[in-house]
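Input: a single structure, listed below in structure tokens.
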Amino acid sequence: MTAIAEAAPAVSTSDTLTMAGALNRALADALTEDERVLVFGEDVGTLGGVFRVTDGLAARFGEARVFDTPLAEAGIVGTAIGMAMNGLRPVVEMQFDAFAYPAFEQITSHLAKLRNRTHGRVELPIVIRIPYGGGIGGVEHHCDSSEVYYTHTAGLRVVTPSSPADAYALLRQAIDSPDPVIFLEPKRRYWEKETARLDHRGSTLDRAVVRRPGSDVTLISYGGALGTTLQVAEAAQEEGYSAEVIDLRSLSPFDLDTVAASVRRTGRAIVVHEASRFCGYGAEVAAQLSETCFHYLEAPVLRVAGFDIPYPAPNLEQHHLPGVDRILDAIERLQWDDSAPAAGGGA
Amino acid sequence: MTTTERAAASHLLPSADPLGLIAADGSPVPDPALELPDGEVLLRLYQGMVAGRRFDTQATALTKQGRLAVYPSARGQEAAEIGGILALRPQDWLFPTYRDSMAVVARGVDPVEVLTLLRGDWHCGYDPYRANVAPQCTPLATNTLHAVGFAHAARIKGEDSVSLVLLGDGATSEGDTHEALNFAAVWQAPVVFLVQNNGYAISVPLSKQTAAPSLAHKGIGYGMPSVLVDGNDAAAVHAVVEQAVARAAAGEGPTLIEAVTYRVESHTNADDASRYRDRAEVEQWLARDPIARLKHYLTGRGLLDDARQQEIDARAEAEAATLRERMNVDTELDPAELFRHVYAEPTAALRQQAAELTAELTTGNQA
Ligand SMILES: Cc1ncc(C[n+]2csc(CCOP(=O)(O)OP(=O)(O)O)c2C)c(N)n1
């Protein structure tokens with residue numbers, strides 16, 4: 001095995017970088033620290049990936065560790081499974097959400113189940129990175145929100161960051177995880193910049209985080225829709241509602257504790273995501289909240305989601321994706337009683 | 001690739017007829033390209049096939065007693081099953097399918113642990129790392145990619161290990177097979193694909209599965225040397241797999257081998273093969289029995305006498321008796337196991353569901 005002699009990775013102090021840059025840093029640091037880590041997929045080598053997330057890695061770590069594969073998604077995941085069985089830690093890229101579907105069989109029948117099938121004797125520490133979701137004007141098959149296909153599958157962890165710092169931390173932790181992780185990268189947040197300290201210790205892979213505290217209503221979101229949800233919280237403040245925003249980060253396992261604690265305080269909850277609503281992730285959140293927080297709820301748990309349609313053509317996508325107004329509307333629709341909160345105040 | 005190189009690619013093509021070393025009547029057929037395994041190896045092959053068949057009939061009997069939920073017999077395919085396995089070195093890996101229990105046992109896995117899958121107790125009852133055998137694969141062809149990845153990893157790690165993957169004729173139609181052949185060839189991975197062409201994918205004959213002149217012909221499109229071998233000739237299968245393993249271990253890349261054989265029983269005990277094939281066809285293949293063939297050869301050469309035969313039979317019988325005895329014990333399964341191996345650590349939700357099940361079982365017991 002090639003020995004890797006690189007400078008120790010910087011857990012940087014404060015850096016301004018994009019989510020794509022943070023992911024690139026995470027891969028570079030993981031490749032440096034653990035020689036079992038491999039990065040491969042379509043166009044991830046010389047090109048650095050169509051979103052440049054793997055930019056420069058092949059040149060720095062060599063073709064044996066960062067390489068282009070033949071164009072075959074089942075092949076990428078299937079061979080990753082074999083490699084992981086043989087002690088390596090592959091991090092593979094699916095070029096776009098809908099192009100991961102050819103690999104679905106390998107993911108659901110094997111990646112998710114091999115630990116279980118073998119009484120825990122086979123461990124598959126594999127990360128499948130999937131740029132997902134819309135909002136970038138992509139043509140068809142480039143914008144699917146495919147999260148529930150994976151969250152419905154026992155044995156997989158499913159995570160999605162919404163900020164550069166989280167992207168770094170979650171990807172490092174995903175690579176360290178003994179379980180297979182579906183790592184969903186919200187495309188429309190790839191280029192958003194943040195000044196952040198990159199660190200992957202401390203936070204855990206399966207915890208949600210309160211992004212903005214509030215007291216009247218809990219807005220639960222993740223990935224691409226989180227930015228919109230935060231904007232809504234700002235706008236709602238002007239309407240007199242104090243909204244708490246939770247970023248789930250981990251879709252499976254679901255951090256019910258963090259979400260329920262918030263909802264028990266606010267009494268109202270709205271789940272926001274861009275995937276279709278029917279049997280979508282919001283349905284699970286709503287069901288779990290009604291089972292565990294029913295007596296605290298002042299109103300039904302609402303879902304604001306994409307329509308139940310195939311992902312629309314780019315010039316129509318803005319009508320499909322939940323925007324600020326649609327989410328604000330939902331806040332208005334919650335059954336606020338006559339003692340409706342005063343501007344800036346809590347319940 | 002230049003025209004000359006392209007023309008030279010004909011060396012990747014399989015022979016027109018399956019290679020063989022011992023004819024159906026037991027007479028030797030010398031082949032300049034293949035070396036007949038020595039007497040010691042031939043005897044091991046013979047013994048392995050006798051034991052394999054005894055295991056197979058025992059497993060079939062266990063379905064009748066309700067001890068196994070289902071069993072896909074490999075009777076008639078002993079030469080391909082055993083010939084291939086015995087050509088492996090200890091450090092090599094086997095990637096078998098549901099039909100290859102005989103091969104898995106021959107590789108040294110405890111037969112009771114092999115049969116947990118078919119008994120319905122657990123999906124894979126053995127530790128893959130103990131005998132270097134991947135879990136038996138039920139979805140068709142998916143194991144081909146695992147084998148390629150495993151083999152490629154061995155190369156990356158600088159380990160001398162070759163992966164042998166077993167698949168059926170039907171499985172060659174699956175996309176995963178094509179991706180695996182392509183990946184293996186592009187990566188020059190140390191992997192050997194052994195297709196057991198046993199004539200049928202459940203009820204569908206080979207003629208409806210492919211229009212290729214042979215399944216081995218598929219290798220050339222991927223740039224991989226391919227071999228067509230008589231799958232009822234254990235000596236020939238052993239020789240070609242051994243060659244392919246040596247090539248792979250020497251860094252010369254993968255090989256595709258098609259072993260032409262026949263599934264003399266139904267697809268599983270639940271299938272009725274008389275609905276899709278003639279008895280006459282089966283009879284024809286019974287006459288090409290791989291065990292009888294090698295026996296003729298060995299006795300003709302004085303390598304096998306009655307005493308040795310009795311010894312081999314007795315050993316197979318004893319193994320079957322032990323298996324029968326061990327399988328006739330009711331197993332106790334721990335329901336808590338359901339939640340234990342989903343993730344490295346059970347999630348909060350799984351811990352709660354485990355508690356719910358425990359409570360349910362406790363109340364159930366009290367009722
Ligand atoms: C992906 C997939 N599709 C369908 C099946 C159902 N099935 C089980 S065995 C079989 C036929 C397989 O034939 P072949 O590959 O020739 O192997 P054999 O059973 O003859 O050993 C089918 C269709 C399956 N196991 N996996």
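Order of the sequence lines fixes the chain letters, A, B, ..., with proteins taken first and strands second; residue numbering starts at 1 for each chain. Remember, it's a predicted structure, so these values are computed and weren't measured experimentally.
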In terms of heavy-atom pairs under 4.5 Å with chain A, the winner among B/R155, B/E337, B/R340 is B/E337

If you count heavy-atom pairs under 4.5 Å between each of B/A184, B/A153, B/S161, B/S163 and chain A, which one has the most?
-> B/A153

Just checking, is any N or O donor in the side chain of A/R157 or A/S250 under 3.5 Å from an acceptor N or O on the other one?
-> no

Heaviest contributor of heavy-atom pairs below 4.5 Å to chain A, chosen from B/D176, B/V148, B/N182, is B/D176

Under 3.5 Å donor-acceptor, A/N86 side chain and B/F150 backbone | yes

Most chain B-contacting option - heavy-atom pairs closer than 4.5 Å, from A/D255, A/D257, A/D179 | A/D179

Note: vs chain B, highest number of non-hydrogen pairs under 4.5 angstrom among A/A74, A/P178, A/A154, A/S109 is A/A74

What part of B/Y129 is in contact with chain A, defined as an atom under 4.5 angstrom from a non-hydrogen atom: side chain, backbone, both or neither?
-> side chain

Establish, for the pair A/R129 and A/F183, whether the NZ or CZ atom is under 6.0 angstrom from the six-membered ring centre and no further than 45 degrees off its axis.
-> no

Heavy-atom pair count under 4.5 Å with chain A, highest-scoring of B/H341, B/H123, B/H152, B/E159 = B/H341

Distance from A/E284 atom CD to A/C279 atom SG, nearest 0.5 Å?
-> 10.5 Å

May I ask you to decide whether A/R172 forms a salt bridge with A/E33, counting only side-chain N to carboxylate O separations under 4.0 Å?
-> yes

Side chain, backbone, both or neither of B/D127 within contact of chain A (heavy atoms, under 4.5 Å) = both

Answer yes when A/D247 and A/R249 have at least one side-chain N-carboxylate O distance shorter than 4.0 Å, and no when they do not.
-> no

Go through the atoms of B/A344 and report whether side chain, backbone, both or neither lie under 4.5 Å from a heavy atom of chain A.
-> both

Which one, A/L71, A/L114, A/I81, leads in non-hydrogen pairs under 4.5 Å with chain B?
-> A/I81

Which answer fits B/E174, side chain, backbone, both or neither, if we ask what part of it has an atom under 4.5 Å from a heavy atom of chain A?
-> neither

Where on A/S252 is there a heavy atom nearer than 4.5 Å to chain B: the side chain, the backbone, both, or neither?
-> side chain

Residue B/A349 versus chain A: region with a heavy atom under 4.5 Å = neither

Engaged part of B/T142 at the chain A interface, taking heavy atoms whose separation is under 4.5 Å = both

Flag yes if more than 12 heavy atoms outside A/E63 fall under 6.0 Å of its CD atom; otherwise flag no.
-> no

Can you tell me if B/Y126 uses its side chain to pair, donor with acceptor, with the backbone of B/A134 under 3.5 Å?
-> yes

Please determine, by modelled atom types, if B/R99 and B/H267 share a side-chain donor-acceptor pair under 3.5 angstrom.
-> yes

Heavy-atom proximity to chain A below 4.5 Å, by part of B/V342 = both

Exam field: side chain B/S226 to backbone B/A216, donor-acceptor pair closer than 3.5 Å = yes

Go through the atoms of B/L338 and report whether side chain, backbone, both or neither lie under 4.5 Å from a heavy atom of chain A.
-> backbone

Look at the rings of A/Y281 and A/F254 and say which category their plane angle falls in: under 30° parallel, 30 to 60° tilted, over 60° perpendicular.
-> perpendicular

What part of A/H119 is in contact with chain B, defined as an atom under 4.5 angstrom from a non-hydrogen atom: side chain, backbone, both or neither?
-> both

Given the options A/Q106, A/Q288, A/E105, which has more heavy-atom pairs under 4.5 Å with chain B than any of the others?
-> A/Q106

